[in-house]
Structures are given as structure tokens and as C-alpha cells.
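Take a look at the structure set out below.
Below, all heavy atoms of this structure are taken into account, side chains as well, without hydrogens, waters or symmetry copies. This one's a predicted model, so the numbers in the text were calculated from it and none came from an experiment. Convention: sequence-line order gives letters A, B, ...; per-chain numbering from 1.
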Number of protein chains: 2
Amino acid sequence: MSSTHTHSKKSQSLTKNQRIVLDLLQNSGEPLKAYFILDSLKKEGLNSPLQVYRALDKLVELGKIHKIESINSFIICNNSNCASNTAFTICERCGKVKEIKNKYLTDGVSDLVKDNKLEITRYNLEFYVLCKSCKIN
Amino acid sequence: MSSTHTHSKKSQSLTKNQRIVLDLLQNSGEPLKAYFILDSLKKEGLNSPLQVYRALDKLVELGKIHKIESINSFIICNNSNCASNTAFTICERCGKVKEIKNKYLTDGVSDLVKDNKLEITRYNLEFYVLCKSCKIN
DNA sequence: CCTCTAAGTGTTATATTATTACATACGTGA
DNA sequence: TCACGTATGTAATAATATAACACTTAGAGG
């Protein structure tokens, strides 16, 4: 354990603010709003919106979370860092959001994109649905 | 032509506020922000944000315009009222937005959706691209 | 013609979401 | 040790959107 700093670990380590925001999103699993995150993390030392937005921006950039544009919310990425390509279903009745893991859908979109000669850097797909439990009731 | 009022003609006529907002979006062709619309239409008698948002909401509902969620902007629908199914490309460099008219893409998405047993009521697809002129320069 | 109703209007105030600006700290590599 | 990139903390403010309430209008239908 003598020479512990062979090369920088910085790149894979998050700062404190980034960490606590990521943890909250991870534990929640649901989309959360910036100001809700702020309120939730007051006790951890977060005091201003900017601290939250900066952490969120960084986490989005790292592909660890996604922003769901139509509801101004942020959610943990459950596709092991899909690097800003997002596809979600949002229930119109109960608001529940799910990240679409279905490879066929996302691959299909990629194919469509290729076929149509679109040079995409990233995309954001939001499908409004009626979720199973809402469909039943 | 004696009984001219067989059924209401109301449905196809817009109110004054809806009309002037739609006209502005039509003439512009670009995505516009709500408060820009407000400023632009002060002289036409629009005084408050709510007047703009109400008109925008109605026009979105009618499928005459779309909201582009990731830039909080509204744009005329050039697919003859696609009823809230939207697909756009947004240039990451210059910000130019285009509604995707390509039937293959939108049909393809519909197919994917069917194949994946998603019961979609509507969708919002935002593809970030590098547009032709930006690619050259 | 009269009245009921749904939809729209106008206005004030306020809520929600996000950024600017600026001074400071901290770690890494030269 | 210094410079640089990145993050931090804080206050102020900008940008986006909605709530609440009183009032008007247009068309349906008697």
C-alpha cells in the first residue's frame, strides 16, 4: 500500500455533491425534480439550486442519469451508462416513468436513423403510454 | 342549403388569440418560445403569459403545433396535423430544428412500438444531430 | 327570443425551473 | 511551487409556467 497513487483515480471518482445526488436518484429509482433533490439534500449540506444543477449536469454528461425533458426530471440510468441516449415510457394517467431497456426498440431506432441518413449524436425519446396497472383500472 | 346549421362549425374556427399565435408560428416556421411570442404579439393585444400559454395548449391539443420539450419551444406542424406525435432533429451546433417528415422513420417507430407491445397514446422524439451546413463548416 | 353551458378572456399574483456572476478552494501535472 | 482545470459556495435574478377569480362570448336548444 505504499505507492497508492500510481495514476489518477480522479476520473472515476465523483465529488461529494455529485455522489450524494447520484445516491439519492439511485435509491429513489423514480424521476426526481431538481428542487426536490435540493430539499432532500439540505441536511447533507446542499444549499443552493446551482449546486444541484451542477451535479446533475455532470451526471448527465457521464451518462449516469438522464433528464426527462417533458417533466423536467432526472432519473438514474439503468442501462449501465447509455451515454445520453434515452428512451422512456411515461404513463399518462399515473405519471410512472420507465426507461426502455428493450434492445429491439433502441436498436430499431438506431437502424431507422441509419437508413434515413441521419447523423445523430444523441436522442431523447419519450413515449406516452397507459401503463399496465392503469390499463386494468 | 336551407338548414345550414346541421352541426356546429365552431370546431374548426380558432379564437382570436389562438389565431394570432398560430399565424406567428406559421409565418416564422422556426421554434418560438412562449415569452417571445408574448413580446411579439403585445401590439395585437396579448398582455399576459397565460393568454399565450392557453392558446399554445389549445393549438397543441388540436395538433396544429408541437412543443419541443428540450428547448421549451413551439413550432408549427408541417405534417398536416399529426396529432401530437412528433419527431424532430435539432442541430447541436446551430440549434436549427426540423420536423421529420420521413414516413419510414415515423412508421418504423410505430412498428417498433407495436412489436414491443407498447400501447402508446403519443410520443415525442428528439434527435440531436449535426446538420448539413454545420457538418461542412 | 331566452337561457343554459362550455369554452375562452383578462388580470394579478405567484410558483417552478434554471442561469449569471463572482470570489474561493482543491488537486494534478509541469 | 505555480498554473490550470474543475469544483464549490453564495446571492441575485432570469426564464418558464400555473393558480385563482371574475367576467365574456358563442352556440345549442327550448
Check the phosphate of [N] against [X], side-chain N and O only, distance under 4.0 Å to OP1 or OP2. Yes or no?
{"X": "A:Asn47", "N": "D:dT10", "value": "yes"}
{"X": "A:Gln51", "N": "D:dT8", "value": "no"}
{"X": "A:Lys16", "N": "D:dT8", "value": "no"}
{"X": "B:Lys33", "N": "D:dA15", "value": "no"}

What nucleotide, of [options], holds the atom closest to the side chain of [X]?
{"X": "A:Leu50", "options": "D:dA20, D:dT18, D:dT10", "result": "D:dT10"}
{"X": "A:Ala34", "options": "C:dG10, D:dT18, C:dA18", "result": "C:dA18"}
{"X": "B:Arg54", "options": "D:dT18, C:dT17, C:dT9", "result": "C:dT9"}
{"X": "B:Gln18", "options": "D:dT16, D:dT10, C:dG8", "result": "C:dG8"}
{"X": "A:Phe74", "options": "D:dA17, C:dA18, D:dA11", "result": "C:dA18"}

Between [atom2] on [N] and [atom1] on [X], what's the gap in Å once rounded to a whole number?
{"X": "B:Phe36", "N": "D:dA14", "atom1": "CZ", "atom2": "C1'", "value": "18 Å"}
{"X": "B:Leu56", "N": "D:dT18", "atom1": "CG", "atom2": "C1'", "value": "14 Å"}
{"X": "B:Tyr53", "N": "C:dG8", "atom1": "OH", "atom2": "C1'", "value": "19 Å"}
{"X": "B:Leu46", "N": "C:dT12", "atom1": "CG", "atom2": "C1'", "value": "17 Å"}
{"X": "A:Asn17", "N": "C:dC26", "atom1": "CG", "atom2": "C1'", "value": "14 Å"}
{"X": "A:Leu32", "N": "C:dT17", "atom1": "CG", "atom2": "P", "value": "12 Å"}
{"X": "A:Arg19", "N": "D:dA7", "atom1": "CZ", "atom2": "P", "value": "15 Å"}
{"X": "B:Asp57", "N": "C:dA7", "atom1": "CG", "atom2": "P", "value": "14 Å"}

Heavy-atom pair with the smallest gap, counting every atom of B:Cys131 and B:Cys91: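 Taking B:Cys131 first and B:Cys91 second, the nearest heavy atoms are N-SG, 3.4 Å.
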
Looking only at side chains, do B:Thr89 and B:Tyr128 share a donor and an acceptor under 3.5 Å apart?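 There is no such pair (donor and acceptor under 3.5 Å, judged by atom type) between the side chains of B:Thr89 and B:Tyr128.
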
From A:Ile65 CD1 over to A:Gln26 CD, what is the distance, rounded to the nearest 0.5 angstrom?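 Separation between the atoms: 11.0 Å.
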
Are A:Glu44 and A:Lys16 within salt-bridge range, i.e. N to O under 4.0 Å?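 Salt bridge absent between A:Glu44 and A:Lys16.
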
Can A:Lys96 and A:Glu30 be counted as an ion pair, charged N to O under 4.0 angstrom?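 No, this pair does not count.
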
Is it the case that D:dA17 (base atoms only) and B:Tyr35 (side chain only) share a donor and an acceptor within less than 3.5 Å, ignoring hydrogens and angles?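 A donor-acceptor contact between them is present.
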
Using heavy-atom distances to pick each residue's nearest nucleotide on DNA chain C, tell me which of A:Glu69 and B:Gly45 is more 5'.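 Checking each residue's closest nucleotide, the 5'-ward one belongs to B:Gly45.
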
Report the residue (B:Asn72 or B:Thr15) whose heavy-atom-nearest nucleotide on DNA chain C is the more 5′ of the two.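 That would be B:Thr15.
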
